[in-house]
Amino acid sequence: ERNEVRQPAIFQLQIAEEILHPLGKLLASDSAAVRCFTLQAAAKLRHPSLLPAIIGQLDGLETRSTAISTLAAYDTAVLPYIESALTENQTSLSTQFSLVRISVQIVNGSAQKVLLPHLLHTNRELRLVLLTALQRSGYRATDEQDIRQIEAALQTEVERTAIILSANTTIAQSSEFSLLHAALQTDRQQAIQRILLLFSFLYDSPALRHVSDSLHLSSGEDRAQAVETVDLILSTPHKELLLPLIDNELSDIQRLSALDKRVSVLTATAEEWLHNIISGESDQFDDWTQACAIYGAVSSAAAAWRAPVAQFVQENAGNEKRPIALETGQWAVNVSAGEQKMLIIEKVSFLKGTTIFENVPEAVLASVAQVVEVVELPTHQQFISEGELARAMFIIVEGAVRVQKNGKPIAKLEAGDVVGELAIFDRQPRSADVVTTMPTVLLQLDRRTLREVMADRPEISDGIIHTLSQRIREQGALLAI
C-alpha cells in the first residue's frame, strides 16, 4: 500500500524535474519570443526554482512585461527576492524598479512589510518608486511604530531638501551654472513628491494626491488651492515642514528661514557647496547634479577646480554609479587636449532644446542622452527612405537636411530640428526621403531603446504627452479662428 501511495508523488517529482530543466534552458534562449512563451509556461507551473531566471528577464525590453506578469502569478514567493534586491543592492536599478512595482500586485498588502524598512534607500529615484508602490497598495501608518518610522523619514527628507535649497540659493546664478541650478530645482521637486507621499500615509491619501497633481500645474490658482488644502488637513508641526517648500509666495531665503525652525539647515559658501558636490563624498547629490557642477566649475575658467575634479576622477575610476560625472570629469581634466567626443551633458542640452523633449527635466533626459548615438554624415547622404519602417528618430546637431517626396523638396531642416519623431510611437512606413545638404551631425535615438528607458522613467512619457497636447491645443485654436 505504501508503494502505491508513494509512486504518484515520485512520478510527479520526476515530471517536475523533466519540465524544469528545459524551461531553465529556454529562458536563456537568444530568441525573445521563445523566452516570452517560456515565461508564460513558468507562470502556470509557479515553481520557485525558476524565479532567479524569471527575474533576469526584467532587464530586457522584449521580455519585461511578460516577466512582470509571471512574477505577479508567483505572488508572495517573490517577496524574498524583492527584499534581497533592496538590501544587497547588487541588482540593476531597472530590475529593482520593476520588482518594487510588482509588489503592488501581491495580495493582502504582504509586500508592505518588505518595503517599509527601505523608506530612506540611498537612491532617491528608487525611494520615489517605493513610496508610490506603498501608496498604491493602500498602505496607512496605524500603529505607533509605523508612525514613528514615517515621521523619521519625513524629517530626513525635509532636511535633505533644505540642503538642496541652501546650495541652490548660495551658488551664483550664472550661465555657467544654469544646468546645475536646473538639476537642483528638479531634485527639490522630486523631494516634494516624496514628502507628499510620506504624508499620504498619515493623512487623507486622495487629498494629498490631488495636492501633488496641482503643484505640477502651471496655473497659480491650482497651486494656491494646493497650499490651502495642506493648510486645512495637516497638523501645525507638519505644516511647518511642508508649506515653506510649496508656497510660491516665499523666496528661497524665506523658505530656509521658515524651515530652520523645524530642521537643521546647513549653511556654506558657494565654494564649499561646489566642493561638496564635485567631490561626490555624500549621496545627497546624484550623478547628474555632480556632472553639472563639474561642467559649470570648469566652464567658469576657475583653475581652482581642476585639482578636486582630478582627484574625483582618480578615486572613482570605473565607478559604474557615476558614469556622467566621471565622463565630465575626464573631459575637464583633458579640456586642453583639443577636440573631444560629444559629452552626455551636451547631448542633454540638445535634447532639451527640441520641442518633443522641452517639457522633460534635464536630469531625466540624462537617461536618454546615455543611449543616443552620434552619427556623422557627408553631403548628399540619404538616411531616411520613403516606405521603410520607422525605427529611429534623429536630432540635427550640426548641418542641414532636405525632406523630399518623389524627388521634390518639401521642407528644409537645420540644427535643433527633429526628424522622424513619430517613430517613437509607431513603426509605420516613412512618408518621405531625408537627405543631407551639407556635412551633418545627428543624434540618433532608437525607438526600442527609448521605450526601454521610458519604462523606467515615466517622466519622459509625461513630458512628451504634455508637448503633444500643447500642439493639439495650438492647432485647435488656429482652426477656431
Side-chain angles (χ1 to χ4, degrees), residues 61 178-179 182 341-405 408-478:
L61 177 63
S178 60
L179 279 172
K341 69 174 185 177
M342 192 175 188
L343 298 174
I344 290 171
I345 203 166
E346 293 169 333
K347 293 175 185 177
V348 168
S349 295
F350 270 98
L351 291 169
K352 184 68 175 176
T354 65
T355 54
I356 197 159
F357 290 122
E358 64 184 353
N359 288 300
V360 182
E362 287 93 339
V364 178
L365 283 177
S367 300
V368 181
Q370 290 180 77
V371 297
V372 297
E373 294 181 27
V374 179
V375 180
E376 298 182 10
L377 299 176
T379 309
H380 305 310
Q381 176 71 52
Q382 181 171 319
F383 61 96
I384 290 179
S385 300
E386 182 179 356
E388 71 178 3
L389 288 178
R391 292 185 176 87
M393 61 174 282
F394 301 88
I395 298 160
I396 304 171
V397 178
E398 296 174 10
V401 304
R402 181 177 64 248
V403 183
Q404 59 188 35
K405 195 170 180 68
K408 296 181 180 179
I410 56 176
K412 181 182 179 182
L413 302 174
E414 299 175 338
D417 289 328
V418 181
V419 186
E421 65 267 39
L422 290 180
I424 294 173
F425 304 103
D426 59 43
R427 290 189 62 196
Q428 294 298 312
R430 301 285 196 185
S431 58
D433 299 328
V434 184
V435 183
T436 61
T437 57
M438 62 176 69
T440 299
V441 178
L442 304 166
L443 294 181
Q444 178 177 321
L445 184 52
D446 180 73
R447 172 180 180 269
R448 190 174 69 176
T449 304
L450 177 60
R451 283 182 171 271
E452 187 170 351
V453 175
M454 287 166 68
D456 291 332
R457 303 302 300 262
E459 304 100 317
I460 299 171
S461 306
D462 293 343
I464 293 172
I465 291 168
H466 183 68
T467 299
L468 294 177
S469 299
Q470 283 180 321
R471 287 188 192 177
I472 292 167
R473 287 195 200 96
E474 289 166 4
Q475 291 172 356
L478 289 172

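This one's a predicted model, so the numbers in the text were calculated from it and none came from an experiment.
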Please tabulate, for side-chain N and O atoms in residues 366-376, each donor-acceptor pair with protein atoms closer than 3.5 Å (sequence neighbours left out).
unit_1: S367; atom_1: OG; unit_2: R457; atom_2: NH1; d: 3.2
unit_1: Q370; atom_1: NE2; unit_2: A366; atom_2: O; d: 3.3

### Query
Roughly how far, to the nearest 0.5 Å, is the CZ atom of F394 from the CG atom of L445?
9.5 Å
### Query
Hey, are the side chains of L365 and F357 touching, using non-hydrogen atoms and a 4.5 Å cut-off?
yes
### Separation between CE of M454 and OG1 of T449, rounded to the nearest 0.5 Å
12.5 Å
### Task
Taking T437 for its side chain and R402 for its backbone only, find out whether a donor-acceptor pair lies under 3.5 Å.
no
#### Entry: For the student: nearest non-hydrogen atoms of A432 and I384, plus distance
O-CG2, 3.6 Å
#### Entry: Side-chain heavy atoms of E362 within contact of K352, under 4.5 Å
yes
### Task
Please report the closest heavy-atom contact between G387 and P429, naming both atoms and the distance.
O-CB, 3.5 Å
### Message
Main chain of M438, side chain of T440: is a donor-acceptor contact present, judged purely on distance under 3.5 Å?
### Response
yes
### Message
To the nearest 0.5 Å, what is the distance between CD1 on I410 and OG on S431?
### Response
6.5 Å
### Task
Report, as yes or no, whether the 6.0 Å neighbourhood of atom NZ on K412 holds more than 12 heavy atoms from other residues, nucleotides or ligands.
no
#### Entry: Nearest atoms (heavy-atom pairs only) where F350 meets M342
CD1-CE, 3.2 Å
### Query
Only one of V434, L377, V435, V401 forms a side-chain contact (heavy atoms from CB on, under 4.5 Å) with Q382, so which one is it?
V435
### Query
Just wondering, do I396 and L413 contact through their side chains at under 4.5 Å, heavy atoms?
yes
### Query
Looking at side-chain heavy atoms only, is the closest gap between T354 and E358 below 4.5 Å?
no
### Task
Using a 4.5 Å cut-off on heavy atoms from C-beta on, say whether the side chain of L442 contacts that of I395.
no
### Message
Distance check, rounded to the nearest 0.5 Å: E388 atom CD versus R430 atom CZ?
### Response
6.0 Å
#### Entry: Main-chain N/O of P378 paired to Q381 side chain as donor or acceptor, under 3.5 Å
no
### Query
Hey, are K405 and E386 close enough for a salt bridge, meaning a charged N less than 4.0 Å from a carboxylate O?
yes
